[in-house]
2 protein chains.
Amino acid sequence: MEYQEAKEKFISTWGSLGTLWGINKAMAQIQALLFISTKPLSMEDIMEELMISRGNTSMNLRQLMDWGIVTKELIPGERKEFFTTEKDVQELARVIAKERSRREIQPVVKVLKEVSSIKDDGTEKTKELIKQTKALHDLTETADAMLNKIVNQQQNWITKSLIKLIK
Amino acid sequence: MEYQEAKEKFISTWGSLGTLWGINKAMAQIQALLFISTKPLSMEDIMEELMISRGNTSMNLRQLMDWGIVTKELIPGERKEFFTTEKDVQELARVIAKERSRREIQPVVKVLKEVSSIKDDGTEKTKELIKQTKALHDLTETADAMLNKIVNQQQNWITKSLIKLIK
DNA sequence: ATAAACTTTCAATAATTATTGAAAGTTTAA
DNA sequence: TTAAACTTTCAATAATTATTGAAAGTTTAT
């Protein structure tokens with residue numbers, strides 16, 4: 001497999017995996033492209049490489065910046081804006097896990113808590129609703145906490161500094 | 001909040017969370033409905049409760065059975081088929097994690113492995129592609145393994161048997 | 001064997017989501 | 001201050017995905 005083929009395969013696979021971490025195809029592909037690029041890319045570069053429109057590129061770059069995984073890079077002497085993505089996979093995973101938790105898991109946990117807290121009127125169906133949503137609440141909270149713990153585990157400041165030193 | 005409102009809230013929230021575990025809304029809602037039901041439900045029951053068509057119900061029940069989280073229940077004397085879902089959240093989580101891993105994560109791991117194994121031609125861009133996809137490969141594999149471990153951790157046969165005994 | 005009771009399939013349609021492209025907006029250089 | 005270079009916005013459109021409903025298929029009772 002040659003470079004170009006490998007590159008395309010990576011970008012398209014990563015793009016279709018987007019759903020797994022809750023983002024759309026274009027967004028995931030832009031991130032993938034930046035992830036393997038050796039230098040910051042302009043909007044022009046991205047449009048050309050992925051064959052998508054200016055508007056699409058602009059909107060998705062904005063979203064990636066909202067997520068905190070892509071940043072604008074100002075290159076001296078250049079009028080255009082350039083973009084880079086977080087290159088450290090550990091840090092990338094940390095940011096993604098945190099954002100998903102905040103955007104999707106937390107709201108669900110909140111509803112599960114509300115629903116599982118309704119007044120027990122003694123009927124079987126109410127008891128079942130309370131019991132099952134409580135179990136789901138506990139599971140979801142535990143899973144979320146564990147995920148965050150895992151993803152943060154080797155990311156305390158001293159490890160981080162050491163990693164940076166030896167890179 | 002009354003039973004009916006709580007029930008609807010739970011079903012619709014769980015439905016919209018479907019994307020998080022990679023299934024569609026109707027599928028998630030059917031599972032949610034069964035999850036809090038005190039008895040097996042027929043297709044008729046589900047259609048009526050969720051206000052969806054027969055075809056839709058049939059197709060999504062089939063998918064839930066493919067996932068292994070819903071089973072047909074044959075009720076003596078009844079002509080219709082009845083359905084139940086796995087009621088133990090731990091087991092539910094275990095099945096879902098396993099299925100997602102098999103359906104989505106493994107194929108991506110495979111591509112990452114292929115891409116990160118291309119011949120290093122010495123150019124900077126090839127080196128970067130190899131380095132970054134290798135890092136992603138390692139991270140994905142580790143995360144997947146950890147997820148499965150967590151989800152399985154309290155599910156060895158002896159614990160399982162004990163849980164069943166005391167339920 | 002027949003028909004009633006039920007389930008599945010799938011082409012048509014609806015709903016949702018992503019993408020475009022051009023106009024409007026912004027920044028910078030001269 | 002003007003205009004060129006660039007980015008953003010958003011209504012229109014395209015692409016994708018979900019849903020319907022009726023015909024075809026299956027099972028069971030008589």
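Order of the sequence lines fixes the chain letters, A, B, ..., with proteins taken first and strands second; residue numbering starts at 1 for each chain. The shown structure was predicted, so the numbers you read here are calculated from the model rather than taken from an experiment.
Under a 3.5 Å cut-off, the side chain of B:Asp144 and the backbone N or O of B:Glu141 do not form any donor-acceptor pair. With A:Thr140 contributing its side chain and A:Leu136 its backbone, the two residues share a donor-acceptor pair below 3.5 Å. Formation of a donor-acceptor pair under 3.5 Å by the A:Ser117 side chain with backbone atoms of A:Lys113 is found in this model. For the pair A:Gln29 (side chain) and A:Ser12 (backbone), a donor-acceptor distance under 3.5 Å is absent. A donor-acceptor pair under 3.5 Å links the side-chain atoms of A:Glu86 to the main chain of A:Asp88, judged by distance alone.
Between A:Glu8 and A:Glu5, the closest side-chain pair of non-hydrogen atoms is not below 4.5 Å. The shortest side-chain heavy-atom distance between B:Lys7 and B:Glu49 falls under the 4.5 Å cut-off.
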Treating primed atoms plus P, OP1 and OP2 as sugar-phosphate and everything else as base, which nucleotides of nucleotides 13-23 of chain C get B, S or - for protein heavy atoms under 4.0 Å? -----SSBB--

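A distance of 11.0 Å separates CD in B:Glu91 from OG1 in B:Thr85, rounded to the nearest 0.5 Å. Summarising the geometry, atom CG belonging to B:Leu17 is positioned 8.5 Å from atom OG1 belonging to B:Thr13; distances are rounded to the nearest 0.5 Å.
Across the protein-nucleic acid pair, A:Leu61 atom CG and D:dT9 atom C1' stand 15 Å apart, rounded to whole Å. Distance CZ (B:Arg62) to P (D:dG25): 16 Å, rounded to an integer number of Å.
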Indicate every side-chain donor-acceptor pair of residues 55-65 of chain B with a distance under 3.5 Å to a residue at least two apart or in another chain.
from    : atom 1 : to      : atom 2 : distance (Å)
B:Thr57 : OG1    : B:Ser53 : O      : 2.7
B:Asn60 : ND2    : B:Asn24 : OD1    : 3.3

N/O donor-acceptor pairs under 3.5 Å from side chains in residues 67-78 of chain B, not counting sequence neighbours:
from    : atom 1 : to      : atom 2 : distance (Å)
B:Thr71 : OG1    : B:Thr84 : OG1    : 3.3
B:Lys72 : NZ     : B:Glu81 : OE2    : 3.1
B:Glu73 : OE1    : B:Thr84 : OG1    : 3.3

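A heavy atom lying under 4.0 Å from DNA chain D marks the following residues of residues 40-50 of chain A, by number: A:Met43. Near DNA chain C, meaning a heavy atom under 4.0 Å from it, residues 75-83 of chain A has A:Arg79 in order of number.
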What do the steps show when you test A:Lys131 against A:Glu128 for side chain to side chain contact (heavy atoms under 4.5 Å, CB included), and what is the final call? CA-CA 5 Å; A:Lys131 178 181 153 212; A:Glu128 183 72 3; 4.2 Å; yes

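Summarising the local packing, CD of B:Glu2 is surrounded by 12 or fewer heavy atoms from other residues, nucleotides or ligands at distances under 6.0 Å.
In secondary-structure terms, DNA chain D builds stems of at least 3 consecutive Watson-Crick or G-U pairs, each pair having both distances under 3.5 Å, at C:1-30 with D:1-30.
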